[in-house]
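Reading through the structure tokens given below for one structure.
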Amino acid sequence: SSKTSDQEKSGNSQIVIGLEAEPTSLDAHQISDYNSSRAAMEIYDQLVQFKDESTEIEPDLAEKWDVSDNGLVYTFYLKKGVKFHDGTDFNADAVKFSIDRQIDPKHPYHNTGQFAYADFTFGMVKKVEVVDDYTVKITLKERFAPFLGNLAMHAASIVSPAAVKKYGADFTKHPVGTGPYKFSSWNPGVEIVLKKNKDYFNGKAKVNTLIFKPITDPQTRLAELESGNIDMIVNIPPDDLSRLRADDNFQVIEQAGMHLWWTAFNTQKKPFNDIRVRQAVNYAINKESIVKDILKGTGEVANTVLPSTVWGHNAELKNYEYNPEKAKQLLSEAGYKDGLKVTYWVPESGSGMQQPQAMAAAIQSDLAKVGIEVKIQTIEWGAYLDKVFVPVAENEMDMHQMSWIGDNGDPDNFLYILFSSQQWPTAGFNDAYYKNKEVDQLLNDARVTEDKGERTKMYEKAQEIIMKDAPWVVIDSEKQIVVAGKKIKNFKLHPTGVFRFANVEVQ
Amino acid sequence: MSALLQVEDLEILFKKKKEYVSTVSGVTFHVNPGETLGIVGESGCGKSVTSLSIMGLLPDNYSRISEQSTIQYNGRSLVGISEREFRNIRGKEIAMIFQDPMSSLNPVLTIGYQMVEMIRAHEPQLSKKAAEEIIISMLKKVGIPRAEKIIDEYPHQLSGGMRQRIMIAMALSCNPKLLIADEPTTALDVTIQAQILELIKSLQQEFNTAVMLITHDLAVVAEVCDRVMVMYAGTVVEEGQAADIFNEAKHPYTIGLLNSIPSLEENISRLDAIPGSVPSPEEFPSGCRFAPRCPHATEKCYNQPPDHYQISDHHFARCWLYSKEGVN
Amino acid sequence: MEGKRGKRADGPWKIACKKIIRDKASMVGFVLLFLFLCLFLLAPVLPLQNPVEVNLAKRLQPIGTPGNMLGTDHLGRDMLSRLIWGGRVSVVIGFIAVGIALVFGTILGLVAGYFQRFFDTVIMRFMDILMAFPYVLLAIAIIAALGPGLLNTMIAVSIVGIPYYARIVRSSTLMYRNMEFVLAQRALGAGHWHIIVRHIFPNCLPPLIVAASLDVGWMILAASGMSFLGLGAQPPLAEWGVMLSEGQKYIRVAPHESLLPGLAIFLVVLSLNLVGDGLRDALDPKSK
Amino acid sequence: MAKLLQVTNLKKYFPVKKGLFRQTVSEVKAVDDVSFTLYEGETLGLVGESGCGKSTLGRTVLQLIKPTSGEVVYRGSNLTDMNFRELRPFRKEIQMIFQDPYASLNGRQTVKQILQEPFQIHQLYSRKEREERVQEILEKVGLNKEMSNRYPHEFSGGQRQRVGIARALMLEPSLIIADEPVSALDVSVQAQVINLMQDLQEQYKLTYLFIAHDLSVVKHFSTRVGVMYLGRMVELAEKSSLYKRPLHPYTKALLSAVPVPKVGSKRERIILEGDVPSPENPPTGCTFHTRCSYCMNVCKQERPNFKEVENGRFVACHLY
Amino acid sequence: MASYILRRIWGLIPVLIGVTILVFMIMHLSPGDPAKIMLGPKATTESIAKLNAELGLDQPLYVQYFTWISNVLTGDWGRSLQLKMEVLPLVADRFGATLLLTLCSILIATAIGIGSGIISAYRKFSWTDRSLMLFVLVGFCLPVFWLGIILQIVFGLKLQLFPISGMYSPGQTGLMDLFLHLVLPSLALSAGAGAVIARMTRSSMLEVFEQDYIRTARSKGINERRVIYIHALKNAFIPVLTVLGMQIGFLLAGAVLVEMVFAWPGIGTLMVNGILARDFPLVQGVILFVATTYVIVNLIVDILYAILDPRISYQ
Ligand SMILES: Nc1ncnc2c1ncn2[C@@H]1O[C@H](COP(=O)(O)OP(=O)(O)OP(=O)(O)O)[C@@H](O)[C@H]1O
Ligand SMILES: Nc1ncnc2c1ncn2[C@@H]1O[C@H](COP(=O)(O)OP(=O)(O)OP(=O)(O)O)[C@@H](O)[C@H]1O
Ligand SMILES: [Mg+2]
Ligand SMILES: [Mg+2]
């Protein structure tokens, strides 16, 4: 009888989630955006996973693992008796298949998709070997401290080889994993339906059905939530948020994300090759006001170039305070007493970009007060990426906006990629063309150091230098905010942005 | 003999820039049962407007008939009656055919539909089949071959002459007592015009319908009409038996008209043209409207409009020349 | 001798003017339009706040706030000032976009309609291609190619308009090229361009003017659709379409931010419509 | 009399396009093998029912439409072989007056502009001279010079036609093709215009090709008269002989159908049966045989030649 | 008639080819690299180059075009770069939704437009006429994305009469559900077209009322209603039909905005995202559908012409 009551409890339970846009793929290996990962990731498991509300690693499909002393060989011992949703067994072959499919161009199923994150996640992997049915050995090309974190990411999900073989490129429409929910249907543009996986190895989920609906317009999404047709939505327009907070029918769930929003200078070009000008701009911008009035508290003013949710964050540092006088002074010291003109490139939208135009307008207005005349150049996202990430010689802009969302919870994923001089576009993501020997040294060393305490120190030091050099105006870290009906219990956001429904209940 | 249609002192006004301008005035005439009255006059003299006013088809939002006007059909006044009452008269009592047979038939409806619709509007009890039979026999009467087929055809598939015959057949299909034909042959070729005029004459005899034949072609009138009324600039200038008008026209305008037509029979080296041109309603002279073009005009003609003066029994002219006082 | 009908003859345009002055509705349109244009032209000298100055402390103030008669927008910018400055931009967008479409459409239509055969086939096929392309797509594609922004939006929406003008002009041209007055020119020995420029074009103009006057509003609206997709004129520039689409995001908390530009567009379209209708009647020789 | 214009075997077929790829399936034989000669100073009247090809004939003679075949020789020069540029000098020689005086004037030009345009096209005279010539011609056609600043819509029909005539006279042509110049006018005005055209003919020694459908007008105006039926010339003769004694059955019927403004003028009337056949699908043989009361077997099969049966009298009929 | 249709379809081919070439050129010549967008800003240069090579995007344009077009002819429309799905079934499915929405709007726009056009024309220059035309103008001026939100708030959220967005309620597929979901978006979409049709109907009716055959109809003594609805409307509808045909193009385009607002699973979002992501196979697929529809709709309009207007014959 406990069985029936259990069924009654979750029999018709369903949660409808309003997404911002249509997921592009349910194949975990091909995912490169939030919408897809939110809808798809409950279908899959990885060898290891992040703990709830943190980026600490815990076992998932791997019971335990060893790392060789030279830090190059990882051996994973897998859980036994786990089955994919299609009934096939989860085993070492599946792990090898899942990784090789992405990184080995000669793999027979390599052409079943485009693996945007393969390089990032497995770029350092030399080979994957099946030791026995439930043991896998992964060998790296070089020491890479954050590797375990990578194995918790979506691209490291273990997919059913049988299903990939069966569906080929259409695996994206017929995803099969081992996760707490299994794929039921995808009606493009309408909804994605996931059903509870009754045989989940890690305890059964409590909700029967998850429905993800793409609703592009934020006002529409909001209206749907308020009318009760949808149980939870993301990306709530900041101005409407305060109303929802006050409304008893809704709960606002917040979680600081691994996100950073900044405006970068072209540090290799006049006028921003002068540190005083960069600092002046930093002083001139009222970051609190932007966060409070435009973002309405959907972000937190950042104090450094690493978000507080990532370990290694230097809490001691302070962002530049709002001080127009100081800014003017610095400018005149730098020889711009009579002001200067700069161009500011702004994308029209973009993932993680929050409210690029409104924020740009505020910044423009702030800078006007200290005599910097800003010409805003807005570009559609696709073209924007093309214009921002060009070799330094071709770069035409003075300032531009950019943002970054951490992937594996490792500081390396922020600082090395964004500030190492080896990462100048087009090789990497150092969009300010920042170059500081000391910082380079620190970041390189930290990559190959295994000891977390030591790494933390190095990263803290690097942040200090970077903040002083001011290659950016770092504004805020976006909070992930979800508004849900009161009936949803136990929903927790994760810093990586995926939704976890395994423990969620519906009343 | 009581007249079938009696129009007296008809004045029609059109709204031009806020004000109503009198376009037709002082028109008095009658039509006897079975006779043919011809109305001639140059373009714009008010022939069509007069006939439309009888049918109650003047545009109601920018034209009106003045109060003193009377139009009596069979002793019944047609001025100011309701749209409903008019509908019973139109088509059934008085039917009308128009100048341009192409534009007068609805291009998107079949011939049969348009004819049946009319019969059934007046005799609702008639079945569609019965109505069709009536029109087929009517079409045969006006000399249309393959009548059974034609009713399923559209106007554009027929020649001008055929269309005009269909208009005539349609107009006569409810046995009206009066047929108003507004320039029924103007758009047609001479050989076809001759056919149509023959047809009207013979049908009129058969059905004993009175016909009001409106035209600008004096020759056509001479051919078919019993009586003739000549209009100029919104007034009737002369009226009389056809023979009176063509043999001893009195009004200088009528005379002028007759002289300006080149003759088939005689050779003239030069036509006698009336100088000047027809005035538009806004600039009608206050006296005799023909005065500015009249070879006999005097001071008086310019100042005072003449009345109808009787010349013989059935012959009237609106010209000071024929008043008792004379021109001066 | 002075003709009885009066002095020196009025040209058709002068007659049209007279007719318009008599036509109350279109006079209202003209006056309204004139007022708008004055307002827009005078924007720099009017005591208005800076339309792009952000004042985050005074966001989303409602209509009637002291100091901001029509309230403020989501960045605390003065709505009144933005409306007036925005009108400058929007109206220019509308007129220039229509102007571009008009010029190219007319030339293509004249050539296609007059020379027929090869030109006609090629030009009209090309116009078909443009028309078969839904305008939003065409505009997005053009903007994706050229980059978003006022100028490119304008180019995009005007390219969308070209085939419609080309069609109008072509059909008029087809009609006029066989009219007797054109034949008369040929009989006099006139060349093709002489006929096109001096005779056919002037006759195509009135329907074009009417269509164009109505299209100005359409162009402003189309540009606002582009702004909604984030591809139109770019903030902080005040432009009605941008204001409308940005305001849509705040419709629940501050409806005036999108209502006011919407109303402004309506008033301009209304006045242009009245003007257009008036022009149509005035230019129609049959109308009294 | 000197030959001014010689038209030989002139044909104009308009293609009728039908079918999947708009291929030409048949032709409208608008003008079908017409030959005649125009002598200097004469007026050749051309009558026939609507659609019989009168206008097309006029336009092909003027080379406004290129003929399908045949020749038009003007004063020894073959116009049919010439291209646009070569024709230009002849445009000054031959002019046209149109049926609809309103449609043939550009409503957006003043009379002065309309009348000066021929000079602009041919780059003749100075500005001042042009003005003078305009005044001169206006006076000739009976319009006063104050009217030169008016627009066509401000004129009455008759006045407009005078403007049309004035325009045709601007380049001092020798030949004027008048395509139903008085058909749209009221009788009283028609008479004025006809008188004017006669006067001008005397003054300028003009030759007219005068197209009309009104037989009495043609009779009044012309020296010789041609009768057309379905694209063909069926009879061509001196006016007096044609009207007194028409030869072709169609001419006879046409003449008898004309109403006469006389009461009781009891004339023998020939009422033709049926309608004019379509020129796209004309009857075989003699195109008139379907309506002809003298129809013989040969008429159905053989096209009669257009031949001179008497001195200066041409007929296309198997009876002669 | 059949041969006429055949000829029209034949004439459709150059237009379609032209359209695809145009899209191809615009998309390829515009800045923005599909691989870069696909892989996101974090991608490395090598992986982008690799992907471009895999997708064949490194080949000369004409080669890419011919490859694409020959594949299309064999039924292989490619796979969306962004959505990773096959283009043909994806677009066909989504296009159905757009078509449904568009047709519904056409119906509403026609009903409202013709109705108010007739009333206005019949009572020309009266207050009824003026207020109707003003109302119509308001409809013309309302940007769909704005009107859409208002309709949602009023009829969806406040009055709870109709669903706010989407095509079906979560997890459902019923017809009634679909119908209810159709109401608000088709209303929003029909406003502009309705306005244009109303104006066109009015002027066309006014013109027809002046025609001789209307006078003839009245002179026959038939009922005024017959005069208006049969004699006048049937003629007046012909020019309105042209406008309708053209409006289809605008409706299909306007549908993009409406679909964004109403989360309607049509081609709108697909197309906009496709262009922004430089998803060539997808965009070309969509365009092919839209352009074909446009041409077919206009063909249908022409055929309707022939049915309505017997003077036109297509032999
Ligand atoms: N709808 C109208 N609005 C204003 N004026 C009109 C209207 N219909 C006719 N008129 C005026 O009435 C006068 C008489 O017109 P009507 O049509 O009766 O002339 P008509 O003798 O029939 O001429 P036609 O021979 O050209 O048919 C004209 O001066 C004309 O301007
Ligand atoms: N451009 C053209 N294309 C095709 N057919 C034409 C063309 N012009 C004239 N036709 C046809 O040629 C025939 C003769 O036409 P045309 O205009 O010369 O006749 P018409 O005698 O002047 O008639 P009307 O008295 O009506 O002016 C008609 O059947 C007409 O349909
Ligand atoms: Mg009349
Ligand atoms: Mg002709």
Side-chain angles (χ1 to χ4, degrees), chain C residues 25 121 125-147 160 163-164 167 214 217-218 220-222 224-231 240-241 244-245 247-249 251-252 255 258-259 261-270 273-274 277 280 286, chain E residues 11-12 14-19 21-23 25-32 130 133-134 137-138 140-150 153 157 192 199 203 210 246 249-257 260-261 267-268 271-272 275-276 278 283 286-287 290-295 298:
Chain C
T121 315
R125 266 292 127 73
F126 189 64
M127 295 296 110
D128 278 347
I129 290 171
L130 283 185
M131 300 229 316
F133 225 107
Y135 81 88
V136 172
L137 232 200
L138 185 62
I140 296 174
I142 292 169
I143 290 169
L146 303 177
V160 169
Y164 295 91
R167 276 198 162 188
L214 300 180
W218 188 86
I220 296 177
L221 285 167
S224 91
M226 291 299 105
S227 299
F228 175 71
L229 295 174
L231 302 170
W240 289 346
L244 194 64
S245 66
Q248 192 252 18
K249 297 180 190 144
I251 199 156
R252 301 285 290 281
S258 54
L259 262 175
L263 193 68
I265 293 178
F266 171 69
L267 286 178
V268 166
V269 173
L270 174 69
N273 250 283
L274 292 174
D277 285 355
R280 179 190 53 211
K286 279 189 271 172
Chain E
L12 180 153
V15 173
L16 287 183
I17 291 177
V19 167
I21 290 180
L22 197 63
V23 193
M25 293 214 308
I26 293 178
M27 299 257 319
H28 281 268
L29 297 181
S30 59
R130 290 209 176 109
M133 283 300 122
L134 196 69
L137 207 57
V138 173
F140 176 77
C141 285
L142 289 176
V144 284
F145 58 88
W146 192 80
L147 176 63
I149 285 287
I150 297 289
I153 293 174
L157 189 56
R199 292 175 63 95
S203 65
E210 299 288 308
M246 290 222 246
F250 283 99
L251 280 172
L252 279 173
V256 172
L257 297 172
M260 297 279 264
V261 172
I267 46 156
M271 189 160 78
V272 173
I275 291 185
L276 296 184
R278 312 290 185 273
V283 172
V286 170
I287 280 287
V290 172
T292 311
T293 314
Y294 178 83
V295 180
N298 277 284

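As a basis for the values below, the full set of heavy atoms in this structure was taken, side chains included, without hydrogen atoms, waters or symmetry mates. Chain A is the first sequence line, chain B the second, and so forth, proteins listed ahead of strands; every chain is numbered from 1.
For the set E:Leu252, E:Val256, E:Val290, the entry with the most heavy-atom pairs within less than 4.5 Å of chain C is E:Val290. For the set C:Met131, C:Arg252, C:Arg125, the entry with the most heavy-atom pairs within less than 4.5 Å of chain E is C:Met131. Chain E forms the most heavy-atom pairs under 4.5 Å with one residue out of C:Ala25, C:Ser245, C:Gly217, and that residue is C:Ser245.
Residue C:Leu270 holds its CG atom at 12.0 Å from CZ of E:Phe140, rounded to the nearest 0.5 Å. Rounding to the nearest 0.5 Å gives a distance of 3.5 Å between CD1 of E:Ile150 and CD1 of C:Ile251. Here the CD1 atom belonging to C:Ile129 is positioned 12.0 Å from the OH atom belonging to E:Tyr294, to the nearest 0.5 angstrom.
Partners of C:Ser258 by side chain to side chain donor-acceptor pair (under 3.5 Å), not counting sequence neighbours, listed by chain and number: E:Trp146. Partners of C:Asn273 under the side chain to side chain donor-acceptor pair (under 3.5 Å) rule, at least two apart in sequence or in another chain, are E:Arg199.
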>> For E:Val295 and C:Asp128: C-alpha separation, side-chain torsions, deciding distance, then whether side-chain contact (heavy atoms from CB on, under 4.5 Å) applies.
In response: CA-CA 9 Å; E:Val295 180; C:Asp128 278 347; over 6 Å; no

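Looking at E:Leu137, the atoms closer than 4.5 Å to chain C (heavy atoms on both sides) sit in the backbone and in the side chain alike. At a 4.5 Å heavy-atom cutoff, the contact between C:Leu221 and chain E is made by side-chain atoms alone. Contact annotation for C:Leu274: neither backbone nor side-chain heavy atoms come within less than 4.5 Å of a heavy atom of chain E. Heavy-atom distances place the side chain of E:Val261, and not its backbone, under 4.5 Å from chain C. If you measure heavy-atom distances from E:Leu157 to chain C, the contacts under 4.5 Å come from the side chain alone. Contacts of C:Ile220 with chain E are absent, with no heavy-atom separation under 4.5 Å from either backbone or side chain.
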